[in-house]
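Values below: all heavy atoms of this structure, side chains included; hydrogens, waters and symmetry mates excluded.
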Amino acid sequence: MKRKMEVSELIFKIIAYVLLIIFSALCIYPLLYALSSMFSGFDAVRDGKVVLWPVDVQGKAFMYVAKNSTFWINYANTLFVTFVGTIWCLVYSILGAYALSKKRLMGRHGFNFFLVFTMWFAAGVVPTYLNYQQTGEIFASIAGKNTFTDIDLKWLIVIAMGMNATNIVLLRNSFEGVPSEIEEAARIDGATELQILTKVYIPMSKATIATVALFFGISRWNGYFWAYKVLGGAQSYSWPVQVYMRDFIKIETNLTGIAPSRENGSTIGADNLGEALSYLYSMVVFAMIPILIIYPFIQKYFAKGVNMGGVKE
């Protein structure tokens, strides 16, 4: 028999659905606006006539970005940093979380405390930057070099920016939820520590691992600040796409509140801000495509992974 809904419950659901619709619209609108500006006329973009749908439809901005070789080189750099960086982060995060989940680990409580401590008190911008510089110098000395190359700097972004205490905590809690009886059975069968990790813990925690991989991937793909600080002085072909877009904004537009510095290699007329904005929105749309493609495949693991890793029994 179907239960009759109470008035208070009905009001709550109506309010919840209304808020969800508003929130969804706020999330979708920037994407729709970028798409519309991408295919709108330059004058319409400059004069703010684009609200939801394209105005004076044309594809010049799309073709400009599609033929921009520098943009796609930077795009490939971002793919490299994201893919390799995510794998790197996952490997040592899984190893660290596995070790911290074991009660037999000597000093386990101390290690866990220091891990959580970094979530409460961040080092700050200056110490973090100095740490990256020192890490880069260590890499250079190991390789027998006196200076960094652009390739070295990209590897510095991959290796030195991989730590995330929250994700390690999620993985640790997920590993702690694996029944100890399964591990004991594997040990009786002669499994090594590495086999137990790869054959037992990782398969049973794949939802949390997929969620953490999504977190790492998005942070690497959207990462701008440290990529700009580390790679900003390198050649433009070595930049991630986010740094390239920031440089485009600086040269071609006044969005930063500073007059455009079009003398530094501008290819756009100085009197056409709408053209530059259309090109910029096209870059934004292209930059969102990988995340939009990957996210639906990982979404099914998201809620389950957070619940498994975020709750400690």
Side-chain angles (χ1 to χ4, degrees), residues 20 27 78-120 122 155 157-223 288-313:
L20 285 174
C27 293
T78 306
L79 289 172
F80 169 80
V81 170
T82 301
F83 181 75
V84 178
T86 300
I87 293 177
W88 166 255
C89 292
L90 277 178
V91 168
Y92 79 76
S93 294
I94 288 173
L95 293 176
Y98 177 72
L100 292 173
S101 68
K102 298 303 174 185
K103 295 181 180 179
R104 63 180 182 273
L105 175 67
M106 185 177 298
R108 173 174 178 265
H109 294 292
F111 289 129
N112 279 309
F113 170 77
F114 285 118
L115 177 68
V116 176
F117 185 84
T118 63
M119 299 168 62
W120 298 336
W155 278 106
I157 293 294
V158 169
I159 296 175
M161 300 179 64
M163 174 61 185
N164 188 294
T166 302
N167 291 340
I168 294 179
V169 169
L170 288 174
L171 289 170
R172 182 201 66 191
N173 291 348
S174 179
F175 289 159
E176 288 178 346
V178 175
S180 59
E181 293 79 7
I182 299 178
E183 179 181 350
E184 292 174 3
R187 290 189 183 279
I188 293 174
D189 291 338
T192 63
E193 203 73 52
L194 183 60
Q195 288 175 328
I196 292 173
L197 172 62
T198 57
K199 302 296 184 181
V200 177
Y201 280 85
I202 291 179
M204 296 188 69
S205 305
K206 61 181 180 180
T208 303
I209 293 174
T211 302
V212 170
L214 178 64
F215 289 159
F216 278 131
I218 291 177
S219 66
R220 289 307 183 98
W221 185 264
N222 292 332
M288 288 189 292
I289 289 175
I291 301 300
L292 293 176
I293 293 175
I294 293 173
Y295 186 79
F297 295 99
I298 303 181
Q299 184 182 14
K300 62 181 179 180
Y301 298 110
F302 188 79
K304 182 180 178 182
V306 172
N307 288 337
M308 289 178 61
V311 179
K312 182 179 178 181
E313 296 182 357

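More than 12 non-hydrogen atoms from other residues, nucleotides or ligands lie less than 6.0 angstrom from CZ of Phe80.
Across all their heavy atoms, Phe175 and Tyr201 have their closest contact at O-CE2, 3.3 Å. When all heavy atoms of Gly190 and Gln195 are compared, the closest pair comes out as O-OE1, 4.0 Å. In this structure, Ala99 and Leu105 approach most closely via the heavy-atom pair O-CD2, 3.3 Å. What you find for Met204 and Val178 is that their closest heavy atoms are SD-CG1, 3.9 Å. Nearest heavy atom pair, residue Gly217 against residue Thr82, reads O-CG2, 3.6 Å. The two atoms that bring Arg220 and Gly85 nearest to each other are NH1-CA, 3.3 Å, heavy atoms only.
Using cut-offs of 30° and 60° on the angle between ring planes, the pair Trp120 and Phe117 is perpendicular.
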Inset, instruction - Check the pair Thr166, Phe215 against side chain to side chain contact (heavy atoms under 4.5 Å, CB included), reporting the backbone distance first and the verdict last. - result: CA-CA 10 Å; Thr166 302; Phe215 289 159; over 6 Å; no
Inset, instruction - Given side chain to side chain contact (heavy atoms under 4.5 Å, CB included), test Thr211 with Leu170 step by step and report yes or no. - result: CA-CA 9 Å; Thr211 302; Leu170 288 174; 5.5 Å; no
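Rounding to the nearest 0.5 Å places CG of Leu115 at 9.5 Å from CG of Asn164. For the atom pair OG of Ser174 and CD1 of Ile202, the computed distance is 11.0 Å after rounding to the nearest 0.5 Å.
In this structure the side chain of Arg187 reaches within 4.5 angstrom of the side chain of Glu193, judged on heavy atoms. Using a 4.5 Å heavy-atom threshold, the side chains of Val212 and Leu171 count as touching.
Listed for the Arg108 side chain is a donor-acceptor partner under 3.5 Å among the backbone atoms of Leu100. Under a 3.5 Å cut-off, the side chain of Ser205 and the backbone N or O of Thr208 do not form any donor-acceptor pair.
With salt bridges taken as basic N to acidic carboxylate O contacts below 4.0 Å, one links Glu183 and Lys102.
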